[in-house]
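Take a look at the structure set out below.
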There are 2 protein chains.
Amino acid sequence: MEHVDLDTVNKVKPKMPDTTLLYELSDFFKLMGDSTRIQLLWALEENEMCVGELALLLNMTKSAVSHQLKALRSAKLVKAQKRGKNVFYALSDHHVRTVLEMALEHVAE
Amino acid sequence: MEHVDLDTVNKVKPKMPDTTLLYELSDFFKLMGDSTRIQLLWALEENEMCVGELALLLNMTKSAVSHQLKALRSAKLVKAQKRGKNVFYALSDHHVRTVLEMALEHVAE
DNA sequence: TTGACAGTTGAACAGTTGTTCAACTATAAT
DNA sequence: ATTATAGTTGAACAACTGTTCAACTGTCAA
């Protein structure tokens, strides 16, 4: 006795994303799934800023901000540029704005 | 001696999202940031399916699948319908497809 | 009613994550 | 050279997350 429709399962199976794509996707969303990192991206969409400014804006320690910026940097979402004693961060990809707007549309319903 | 541009910070501050929106956004991304849940959404985009079919498709226990479906259900991303002994799940919102496609575009570069 | 199957639930466990802290490097000013 | 500031780093800690397991509910068939 079998209650599972094997045809459906076998029809859908080949349409599933391969492992690599799957993990790239979930890693991307994982990165966006933290309020601190969203705030950093949101802020950098307005203006490039240095670590101290971002820390002041978010009312956090420079260390905490730096750790999160590192995560965003290794995902190539932001880029860093050293000028004098400061390190200025900027969005490296305006794709981020689109994704944020898409999510906003979903959340604001 | 001050190396932080207060004007920049004060200019950006009012543009930041309020706390509620911020957490709604990060909660949404958190939900998408798991490969199991992405697979479930991806699969349900092709066909509504019951828990057993989804478990077979993803090669997971029904319990694990059920737990994740519950998370997706409380976020209103999927809806459940009981028919006989089975519970069939379907996407409740085709907005999800758009967000996934947006993220795909970002990842595939 | 009894048995079998579909699905749900909560506790427990291991693995992961974000912030803090202290130590560190690097740049600039005196 | 010395001092102060900007930022980075790694270890440690607590909080959170996803899967497993076992016990449970509900539905159908005999």
Side-chain angles (χ1 to χ4, degrees), chain A residues 1-6 8-9 22-23 25-41 44 48-75 77-90, chain B residues 1-6 8-9 22-23 25-41 44 48-75 77-90:
Chain A
M1 198 185 289
E2 186 54 84
H3 289 271
V4 163
D5 184 350
L6 279 178
T8 303
V9 174
L22 187 57
Y23 283 114
L25 267 178
S26 58
D27 283 350
F28 171 72
F29 283 120
K30 232 171 266 173
L31 205 67
M32 304 289 288
D34 173 73
S35 54
T36 298
R37 289 191 292 269
I38 290 187
Q39 286 184 95
L40 288 171
L41 294 171
L44 294 177
E48 75 163 16
M49 274 184 270
C50 66
V51 179
E53 289 165 343
L54 289 165
L56 180 62
L57 179 67
L58 306 196
N59 193 31
M60 293 178 65
T61 65
K62 277 181 275 189
S63 174
V65 168
S66 179
H67 275 297
Q68 299 303 347
L69 285 170
K70 186 182 188 177
L72 293 172
R73 207 175 352 129
S74 21
L77 293 186
V78 305
K79 56 190 171 194
Q81 192 195 8
K82 184 151 197 170
R83 294 208 294 272
K85 260 194 286 192
N86 294 90
V87 179
F88 284 87
Y89 281 84
Chain B
M1 200 182 289
E2 187 53 84
H3 289 271
V4 162
D5 184 350
L6 279 178
T8 302
V9 174
L22 187 58
Y23 283 114
L25 268 177
S26 60
D27 283 350
F28 171 71
F29 283 121
K30 231 171 264 173
L31 205 69
M32 305 291 289
D34 173 74
S35 56
T36 298
R37 288 192 292 268
I38 289 186
Q39 285 184 97
L40 289 171
L41 294 171
L44 294 177
E48 74 162 16
M49 274 184 269
C50 66
V51 178
E53 289 165 343
L54 289 165
L56 180 61
L57 178 68
L58 306 195
N59 193 32
M60 293 178 67
T61 65
K62 277 181 275 189
S63 174
V65 169
S66 177
H67 275 297
Q68 299 302 347
L69 285 170
K70 186 181 187 177
L72 294 172
R73 204 171 358 122
S74 23
L77 292 185
V78 305
K79 57 191 171 193
Q81 190 194 10
K82 185 152 196 171
R83 292 206 296 271
K85 258 194 286 192
N86 295 89
V87 178
F88 285 87
Y89 281 84

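Note that the structure is predicted; figures quoted are calculated from it, not measured. Per chain, numbering begins at 1; letters A, B, ... match sequence-line order. Values below: all heavy atoms of this structure, side chains included; hydrogens, waters and symmetry mates excluded.
- Between B/Asn86 atom CG and B/Met49 atom CE the span is 13.0 Å, to the nearest 0.5 Å.
- Backbone-only contact: B/Arg37 has heavy atoms under 4.0 Å from sugar-phosphate atoms and none from a base.
- Spacing between atom CZ of B/Arg83 and atom C1' of C/dG7 amounts to 15 Å, rounded to whole angstrom units.
- Across its full length, the helix from C/dT1-D/dA30 to C/dT30-D/dA1 shows an angle of 20° between the axes of its 5 terminal pairs at either end, rounded to 10 degrees.
- Here the straight-line distance linking atom CG of B/Leu54 with atom CG of B/Leu44 works out to 5.5 Å at 0.5 Å rounding.
- Distance CG (A/Leu72) to P (D/dG7): 16 Å, rounded to an integer number of Å.
- What separates NZ of B/Lys82 from P of C/dC5 is a distance of 17 Å, to the nearest Å.
- No contact: B/Phe88 has no heavy atom under 4.0 Å from any strand.
- With rounding to whole Å, A/Leu54 atom CG is found 14 Å from D/dA6 atom P.
- The shortest non-hydrogen separation linking B/Ala80 to B/Tyr89 is CB-CE2, 3.6 Å.
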Using a 3.5 Å cut-off and no angle test, enumerate the donor-acceptor pairs between side-chain atoms of residues 34-41 of chain A and protein atoms at least two apart in sequence or in another chain.
from: A/Asp34; atom 1: OD2; to: A/Thr36; atom 2: N; distance (Å): 3.2
from: A/Asp34; atom 1: OD2; to: A/Arg37; atom 2: N; distance (Å): 3.1
from: A/Arg37; atom 1: NE; to: A/Leu31; atom 2: O; distance (Å): 2.7
from: A/Arg37; atom 1: NH1; to: A/Gln68; atom 2: OE1; distance (Å): 2.8
from: A/Arg37; atom 1: NH2; to: A/Lys30; atom 2: O; distance (Å): 3.3

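- Counting to the nearest Å, the P atom of C/dA4 and the NZ atom of B/Lys85 are 11 Å from each other.
- Going from atom OH of B/Tyr89 over to atom P of C/dA6 covers 15 Å, rounded to whole Å.
- Taking atom CG of residue B/Leu40 and atom C1' of nucleotide D/dT19, one finds them 14 Å apart after rounding to whole Å.
- Around the CZ atom of A/Phe88, the shell of radius 6.0 Å holds more than 12 heavy atoms that belong to other residues, nucleotides or ligands.
- Note: A/Met32 CE to A/Asp27 CG = 13.5 Å, rounded to the nearest 0.5 Å.
- Annotation: side-chain contact (heavy atoms from CB on, under 4.5 Å) contacts of B/Leu56 (sequence neighbours excluded): A/Val4, A/Leu6, A/Val9.
- Residue pairs meeting the salt bridge (Lys or Arg N to Asp or Glu O under 4.0 Å) criterion with at least one member in residues 48-73 of chain B, sequence neighbours excluded: B/Glu48-B/Arg83.
- Residue A/Asn86 places no side-chain N or O under 4.0 Å from the OP1 or OP2 atom of C/dT27.
- Within residues 60-71 of chain A, the residues that place at least one heavy atom under 4.0 Å from DNA chain D are, in residue-number order, A/Lys62, A/Ser63, A/Ser66, A/His67, A/Lys70.
- Of all the residues in residues 27-35 of chain A, not one reaches under 4.0 Å from DNA chain D with any non-hydrogen atom.
- Residue B/Leu58 contributes atom CG, which lies 14 Å from atom C1' of D/dG18 at whole-angstrom precision.
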